[in-house]
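These notes are about the structure you will find just below.
Ligands are counted one by one from 1 in listed order, and the atoms in each one are counted from 1 as well. Values in this document were obtained by computation on a predicted structure and should not be read as measured data.
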Amino acid sequence: MIEITSNFDGGNIEVVEALRPEAIRVRIRKDNNSHFFQWFYFRLTGAQKHNVRITIENAGEAAYPEGWKGYRACVSHDRESWYRVPCEYDAEEGTLTIHFRPEHDVSWVAYFTPYSMERHADLIASAGMSPAVRVRSLGQTIDGQDIDMLELGGLGRGVTPKKIWMIARQHPGETMAEWWMEGLLDRLLDGNDPVSRALLDKARFYIVPNMNPDGSRRGHLRTNAAGVNLNRAWANPDPETSPEVFYVRKAMERIGVDFHLDVHGDEALPWNFIAGFEGVPSVTDEQLALLNRYKTALARLNPDFQTEHGYPVDEPGSSDLRKCTDWVAENFGCLAMTLEMPFKDNADAPDPVFGWSPARCRHLARSCLDALYEVIDDLG
Ligand SMILES: [Zn+2]
């Protein structure tokens with residue numbers, strides 16, 4: 001007797017048939033009020049020492065079918081360690097089949113290592129215990145969750161602190177972005193870390209570790225509770241349907257921005273890269289020089305980051321000001337960037353067991369602070 005369930009924080013799957021472990025058929029549920037889907041996360045019970053074969057029947061209709069090519073699914077039994085298992089994508093049938101042979105009764109299967117809202121609450125609580133950190137709830141989401149922002153640093157006398165913004169998980173299925181946030185906060189709150197200490201002298205950080213709590217809890221790929229893609233809502237956020245952006249944007253306008261990093265995951269490209277703001281109307285050479293310096297520094301500091309592969313650079317004037325990075329770069333004239341991490345792996349340094357993993361996300365975040373340290377005096 002096998003069971004498949006997903007009625008938990010971040011869960012997403014619909015069972016078509018689950019009679020035998022060797023022939024399980026499932027479908028991914030769409031984000032509420034939206035056509036997007038790709039995130040899946042479910043529990044399988046009762047398949048110990050069976051050759052499990054799970055076919056996602058609607059994989060070909062997912063938001064990014066390219067994401068299934070060369071993809072390996074994440075599986076855990078202890079909910080701590082998530083390893084990769086082989087998958088087969090049949091582009092003609094539009095199906096993705098996941099194979100593994102569990103040694104345990106219970107297996108958890110996900111698109112990427114999940115980051116639950118419970119873990120988010122722990123992250124906010126533990127950061128909030130530091131006397132250096134202020135925790136703000138900027139407002140509430142549609143489902144009635146807090147939109148959390150952490151503030152720290154920049155309280156030294158005689159300096160005007162740079163205003164550093166870092167936000168993650170506008171797209172809730174991109175859980176790597178919140179694993180990155182854990183690495184960031186770990187390092188910033190380490191009172192013995194010389195880079196963190198220097199940064200906190202020079203700058204005040206405004207950190208939103210999860211821009212989309214409702215989508216995260218609902219098991220969405222890309223949208224909030226109302227089915228809005230938050231990274232297309234920055235030009236004109238609506239307090240009713242995109243309160244997350246509405247409140248964060250309001251805080252940015254009140255406080256100002258000298259540096260902005262928006263953290264994401266990319267379904268298809270197996271690399272870490274940064275997308276800039278080259279197409280915004282008021283772009284300056286100074287902004288572009290800073291962008292180039294930041295990316296070059298990060299590539300030198302961390303072999304998991306590179307500048308060769310990424311999105312095509314926007315032509316001048318072709319920006320989309322509904323996107324966070326473009327909107328921030330245009331409105332504050334500052335360095336604004338989108339960091340993309342892979343769902344798959346870093347093809348230049350693959351890890352056969354774990355693929356791109358929470359541990360590597362955390363390391364990349366630490367390096368992002370080193371790169372920030374290299375440019376901080378020239379911001380703003
Ligand atoms: Zn994204």
Output field: ring centroids Y41/F112 closer than 6.0 Å: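 Ring centres of F112 and Y41 not closer than 6.0 Å.
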W108 and F8 aromatic centres sub-6.0 Å: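 They qualify: ring centres under 6.0 Å apart.
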Can you see whether [X] engages [Y] through a side-chain donor-acceptor pair at a distance of less than 3.5 angstrom?
X	Y	value
D105	H77	no
E174	H264	yes
E244	N224	yes

Neighbouring protein N, O or S atoms of the Zn ion (ligand 1) [cut-off: under 2.8 Å, no waters]: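 Listed by chain and number: H171 ND1, E174 OE1, E174 OE2, H264 ND1.
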Name of the residue among L291, V263, D262 meeting side chain to side chain contact (heavy atoms under 4.5 Å, CB included) with M337: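 In the set L291, V263, D262, the residue that makes a side chain to side chain contact (heavy atoms under 4.5 Å, CB included) with M337 is L291.
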